[in-house]
Amino acid sequence: MTAPLRIAVAGCTGRMGHMLIEAVQAADDCVLAGALDREGSPALGHDAAAFLGQASGVAITADLRAALQGADALIDFTRPEGTMAHLAVCRELGVKLVIGTTGFSDEQKAQIRAAGQDIAIVMAPNMSVGVNVVMRLLDMAARALSEGYDIEIIEAHHRHKVDAPSGTALAMGEVVAGALGRDLKTCAVYGREGVTGERDPSTIGFATVRGGDIVGDHTVLFAGTGERIEVTHKSSSRATYAQGSLRAVRFLAGRPAGLFDMNDVLGLG
């Protein structure tokens, strides 16, 4: 019988951290090996699965090395500065890494690529299987609707999200821009106010909504003359991100190094 995958979770007391722990606890082929939270958290020392009414035998710690002891992989949905610190130690210890954090700078992305020479990493702005299928649909739609259609990306998230536009919205923009032979850095418009003049047809617009407990809604609008095509994905639960993350961990098993994304995990090419 194959030994279960030993998984550590960063940010274990957050909304996503709880979903990840619940998914690990329910998976037959995974076991919780570590639970990491910030220094000073009132949860330190408590069982990581206590919120489920379960005992995992894993105490929440702020000691990264302790959380990674014996772990096969770390799943990280935290903040860029935290993920980069975790990356350095994972690289040193040979622990695989699944990164769902967004908002990285170009320099930080370069450091992650460099770490992929030594350890196996899956990095994706969205771990949802459905979202990654939508990415492929957007590539197809953008190529077919390359002339005569204005493109706008609208995303909505809960009031606690700190970055905008979302990493998923930006990834959608990258897919569409790539399919059209454009550079998103030069064609993106992130806000409109006042007298803006007519819309430049070569641009890709972004609109951001923040409020309530919206898990994550994304729509890419192709607006033409006489018709509109909308490609939409709506998340009703973070469970889809957790399940996608476990698929990423399973994909990394047996891979010694390399930087991968969800297209690799899902076999989408």
Side-chain angles (χ1 to χ4, degrees), residues 2-25 27 29-52 54-105 107-124 127 162 241-242 244-260:
T2 304
L5 295 167
R6 296 179 54 79
I7 299 173
V9 174
C12 66
T13 62
R15 292 180 297 275
M16 193 62 218
H18 277 178
M19 279 291 181
L20 288 165
I21 290 173
E22 185 172 1
V24 171
Q25 288 289 99
D29 60 343
C30 300
V31 64
L32 189 66
L36 184 68
D37 203 8
R38 68 189 184 281
E39 195 73 53
S41 168
L44 295 180
H46 295 177
D47 192 288
F51 71 96
L52 295 171
Q54 300 175 8
S56 66
V58 173
I60 298 171
T61 180
D63 184 336
L64 176 58
R65 291 178 181 275
L68 294 179
Q69 186 175 9
D72 297 311
L74 172 68
I75 303 178
D76 190 329
F77 283 74
T78 57
R79 297 285 297 276
E81 57 272 20
T83 300
M84 298 310 295
H86 303 161
L87 173 72
V89 178
C90 284
R91 189 177 188 180
E92 178 188 339
L93 300 179
V95 175
K96 303 176 197 301
L97 184 58
V98 173
I99 301 174
T101 305
T102 59
F104 292 109
S105 67
E107 180 181 353
Q108 289 170 329
K109 290 177 182 177
Q111 292 176 31
I112 294 169
R113 284 194 296 272
Q117 298 174 16
D118 298 320
I119 59 173
I121 302 169
V122 169
M123 181 170 72
M127 294 288 171
V162 298
Y241 309 137
S245 298
L246 293 191
R247 287 183 70 160
V249 171
R250 295 179 184 112
F251 171 84
L252 290 178
R255 287 177 167 82
L259 178 59
F260 307 94

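Since the model is a prediction, treat every value here as computed from it, not as a measurement. Numbering starts at 1 and runs along the sequence shown.
No side-chain donor-acceptor contact under 3.5 Å links R6 to the backbone of A33. R91 places a side-chain N or O within donor-acceptor distance of the main-chain N or O of A114, the cut-off being under 3.5 Å. Judged by distance alone, with hydrogens and angles left aside, the side-chain atoms of D47 form a donor-acceptor pair with the main-chain N or O of G57 at under 3.5 Å. The backbone N or O of C12 sits nowhere less than 3.5 Å from a side-chain atom of D37 that would complete a donor-acceptor pair.
Proximity of T2 to D29: side-chain heavy atoms (C-beta onward) are nowhere separated by under 4.5 Å. A heavy-atom distance below 4.5 Å is not found between the side chains of I60 and S41. Between T83 and Q108 the shortest side-chain heavy-atom distance does not fall below 4.5 Å. For the pair L44 and R38, the minimum side-chain heavy-atom distance is 4.5 Å or more. F104 places none of its side-chain heavy atoms less than 4.5 Å from the side chain of Q111.
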query = Do Y241 and M16 pass the side chain to side chain contact (heavy atoms under 4.5 Å, CB included) test, and can you show the C-alpha distance, the side-chain angles, and the key distance before you say yes or no?
reply = CA-CA 8 Å; Y241 309 137; M16 193 62 218; 3.5 Å; yes

inquiry  = As a quick check of understanding, evaluate side chain to side chain contact (heavy atoms under 4.5 Å, CB included) for I75 and L246, giving each step before the final call.
reply    = CA-CA 9 Å; I75 303 178; L246 293 191; 4.1 Å; yes

request  = Show the numbers, then the answer: is there a side chain to side chain contact (heavy atoms under 4.5 Å, CB included) between K96 and V249?
outcome  = CA-CA 8 Å; K96 303 176 197 301; V249 171; over 6 Å; no

task = Report the C-alpha distance between L20 and S245 in whole Å, list the side-chain angles of each, state the deciding distance to 0.1 Å, and finish with yes or no for side chain to side chain contact (heavy atoms under 4.5 Å, CB included).
result = CA-CA 8 Å; L20 288 165; S245 298; 3.8 Å; yes

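Nearest approach of A23 to A242, heavy atoms of both residues: CB-CB, 3.9 Å. Heavy-atom minimum distance, V58 versus A35: CG1-N, 3.8 Å. Nearest heavy-atom pair across I121 and G116 is CD1-N, 3.8 Å. Among all heavy-atom pairs drawn from Q25 and L52, the shortest one is CG-CD1, 4.2 Å. Across every non-hydrogen atom of C90 and I119, the tightest pair is O-CG2, 3.9 Å. When all heavy atoms are compared, the tightest approach of L68 to A8 is CD2-CB, 4.1 Å.
Rounding to the nearest 0.5 angstrom, the gap separating the CG atom in L74 from the CD1 atom in I7 is 10.0 Å. One finds the CG atom of L259 at 5.5 Å from the CE atom of M123 (value rounded to the nearest 0.5 Å). The OG1 atom of T101 sits 4.0 Å away from atom CG of D76, with the distance rounded to the nearest 0.5 Å. Note: M84 CE to I112 CD1 = 5.0 Å, rounded to the nearest 0.5 Å. S105 OG to E81 CD: the interatomic distance, rounded to the nearest 0.5 Å, is 10.5 Å.
Results of the side-chain contact (heavy atoms from CB on, under 4.5 Å) test with P4 over L32, V31, V24 single out V31 as the only residue that passes.
Between the side chains of T61 and D63, no donor-acceptor pair is found at a separation under 3.5 Å.
At most 12 non-hydrogen atoms from other residues, nucleotides or ligands lie less than 6.0 angstrom from CD of Q69. The 12-atom threshold is exceeded at CZ of R250, counting heavy atoms of other residues, nucleotides or ligands nearer than 6.0 Å.
The aromatic rings of F251 and F260 lie perpendicular to each other, with more than 60° between the two planes, well past the 30° mark.
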